[in-house]
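Okay, structure first, notes after.
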Number of protein chains: 2
Amino acid sequence: MAKKRDENTEKQILEAAKTIFQFKGMDGARMQEIANLAGINKAMLHYYFRSKQLLFEAVFNQAFSTLAPQLNMVLNDESSIEEKVKNFTSNYISFIIKHPYLPNFIIQELNRNPDFIKKIQENSALLNIEKFKKQVILEIKQGYLRPIKGEQLFINILALNIFPFVAKPLIKAFIDENDQGFKKLMEQRKTEVSDFIINAIKK
Amino acid sequence: MAKKRDENTEKQILEAAKTIFQFKGMDGARMQEIANLAGINKAMLHYYFRSKQLLFEAVFNQAFSTLAPQLNMVLNDESSIEEKVKNFTSNYISFIIKHPYLPNFIIQELNRNPDFIKKIQENSALLNIEKFKKQVILEIKQGYLRPIKGEQLFINILALNIFPFVAKPLIKAFIDENDQGFKKLMEQRKTEVSDFIINAIKK
DNA sequence: ATTTAGTTTAACCATTTGGTTAACAAAAAT
DNA sequence: ATTTTTGTTAACCAAATGGTTAAACTAAAT
């Protein structure tokens, strides 16, 4: 054999590709730029990942499998709706502050190529809100919650948590804050958002 | 003079460019594709708009000036917060159903190039929420509303209204609806979202 | 020591892409 | 009628880009 297949190189490529793809998207990213950032020859990218498309998919799948479990937390968990809202909001915002690029990248690329979602749904059989919907119906019947459709509540939870990070430049323009001010606002949202949701739905 | 500067051609170019840019973004769009869709020669694009960048900016500015007044409605209007929420939600969702591409396009391109916002802020001096913030403070003092920061309320209103359209493919994957089902959900949100917000903030 | 097989690089290639040019067509000004 | 200006096109161009190739390199197996 030869120089044991250097896993380090592959990781460096993935890391560089992640950075470039997340900032520039599939169309805006350049293979040369990724190679430069990884500190290697451009041919290596093809040696390890065959094509730009395959390299991109590797990055995208990795990004999605980082995000998906966060979202599924709300759906398949035994706690009450109120607890779910509180935990999810706090956890998710902390998570995004660590990975501020993620939601935007995923949403952007899903819009560019909606077929991606099919491949994903085949791999991970877990994007399903049936359980959550049943739980909402039950808690309404029990008199804990105001009437609301599970889908709508789920959309609202995602919206309130994810949107500010996706629309960051737009919001910064309105709010007229620098990065520090924006970050503070987001920190505040860890409790702010869950209170908002609880007030909206609790009887 | 010559064949009267055919305003029709310019409009056809802008129309085609709008379509292509909105679906593929600045990086994914091809001048040839725009020319084909407009039914003209590629050189014409440069004759009318000089460069891809300038053509893109024309499209982007037009898109932004379509969206901005919708957003400013919440900020500079004499009605109460509750009325604003109701009007804005209903109007805005109707608006987006007519222009489903808009918010995503704008958010995507603002993320790609945050400097755009500067040019915009110079042109239209209206992205300012000071008035809205004061109104929120007043209505809280008057006992109409639960305590909440104006910025956070504004973000929440935007999030609940805009996010579903931006994250459409993601949401469709979770909700497991076809386009019809998605549209129905959005129609429902015209009243659903404002009730949700009112419940959350009203004392 | 030599073979073997995976790793890495520089140079190269075909295609795509934004943009230009020069010639032509048509309408307005003279 | 003819000149002039504007609109339009086909052909062209240089640069960028994703991808390939063939040779060099490295380390383990023989």
Side-chain angles (χ1 to χ4, degrees), chain A residues 1-63 105 108-109 112-113 115-116, chain B residues 1-63 105 108-109 112-113 115-116:
Chain A
M1 288 255 178
K3 194 197 296 177
K4 191 173 79 186
R5 190 182 182 92
D6 194 346
E7 288 172 29
N8 208 31
T9 304
E10 192 169 335
K11 273 184 195 164
Q12 273 177 305
I13 293 176
L14 268 178
E15 187 60 32
K18 197 173 92 181
T19 303
I20 300 294
F21 277 131
Q22 275 157 2
F23 275 102
K24 314 216 165 178
M26 169 68 173
D27 291 331
R30 296 290 158 251
M31 293 298 267
Q32 188 59 59
E33 212 179 350
I34 294 172
N36 291 151
L37 185 60
I40 52 155
N41 191 288
K42 185 162 65 89
M44 290 291 276
L45 302 180
H46 293 94
Y47 180 72
Y48 278 90
F49 291 92
R50 289 269 307 278
S51 69
K52 186 185 183 185
Q53 178 65 23
L54 287 175
L55 175 56
F56 173 80
E57 285 177 22
V59 169
F60 184 84
N61 288 334
Q62 191 186 284
F105 173 63
Q108 184 175 328
E109 296 300 330
R112 199 180 55 87
N113 182 1
D115 287 343
F116 264 139
Chain B
M1 287 251 177
K3 195 194 293 176
K4 190 174 77 186
R5 189 179 183 98
D6 194 345
E7 289 171 29
N8 207 32
T9 304
E10 192 169 337
K11 274 185 196 162
Q12 273 176 307
I13 293 175
L14 268 176
E15 186 61 33
K18 198 173 90 181
T19 303
I20 300 294
F21 277 131
Q22 276 156 0
F23 275 102
K24 313 216 165 177
M26 169 67 173
D27 292 331
R30 296 290 158 249
M31 293 297 267
Q32 187 59 59
E33 210 179 351
I34 294 172
N36 291 151
L37 185 60
I40 52 155
N41 191 289
K42 184 161 65 87
M44 290 291 276
L45 301 181
H46 293 93
Y47 181 72
Y48 279 89
F49 292 91
R50 289 269 306 278
S51 68
K52 185 185 184 186
Q53 178 66 21
L54 288 175
L55 176 55
F56 174 80
E57 283 176 23
V59 169
F60 184 84
N61 287 335
Q62 190 187 284
F105 173 63
Q108 183 176 329
E109 296 300 330
R112 199 180 57 86
N113 182 2
D115 288 343
F116 264 139

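The chains referred to below are lettered A, B, ... by the order of the sequence lines, with proteins before strands, and numbering in each begins at 1. Bear in mind that the values here come from a model prediction, so they are computed numbers and not experimental data.
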Considering only side-chain heavy atoms of [X], which listed nucleotide, [options], is closest?
X	options	value
A:Tyr47	C:dG6, C:dT17, D:dG18	C:dG6
A:Ala43	C:dT8, C:dG19, C:dA10	C:dA10
B:Ser51	D:dG18, C:dG19, C:dG18	C:dG19
B:Met31	D:dG19, D:dT17, C:dG19	C:dG19

Please give, in whole Å, the distance from [N] [atom2] to [X] [atom1]?
X	N	atom1	atom2	value
A:Asn41	D:dT17	CG	C1'	15 Å
B:Ile40	D:dT9	CD1	P	7 Å
A:Tyr48	C:dG6	OH	P	12 Å
A:Lys24	D:dA16	NZ	C1'	14 Å
B:Ile20	C:dT17	CD1	P	13 Å
B:His46	D:dT8	NE2	C1'	15 Å
B:Met44	D:dG7	CE	P	8 Å
B:Leu45	D:dT9	CG	C1'	13 Å

Practice task
Measure from the side-chain N and O atoms of A:Gln108 to the backbone N and O of B:Gln108, and report whether any donor-acceptor pair falls under 3.5 Å.
Solution key: no

Exercise for the section: For C:dT16, take OP1 and OP2 only and decide whether either is under 4.0 Å from a side-chain N or O of B:Arg30. Expected result: no

Exercise for the section: Respond yes when some side-chain nitrogen or oxygen of B:Thr9 is under 4.0 Å from OP1 or OP2 of D:dG7, and no when none is. Expected result: no

Handout entry: Residue pair B:Phe116 / B:Glu57, side-chain heavy-atom distance below 4.5 Å
Key = yes

Handout entry: Ring centroid separation B:Phe105 to B:Phe21 under 6.0 Å
Key = no

Completion exercise
Heavy-atom closest pair (B:Met44 atom, B:Ile40 atom, distance to 0.1 Å) is CB-CD1, 3.5 Å

Handout entry: Contact summary for A:Arg30 and A:Lys52, nearest pair of heavy atoms
Key = NH1-NZ, 3.7 Å

Handout entry: Sugar-phosphate only, base, or nothing, as touched by B:Ala35 at under 4.0 Å among non-hydrogen atoms
Key = nothing

Exercise for the section: Look at the side chain of B:Lys42 against the base of C:dG18 and say whether a donor-acceptor pair falls under 3.5 Å; ignore hydrogens and angles. Expected result: yes

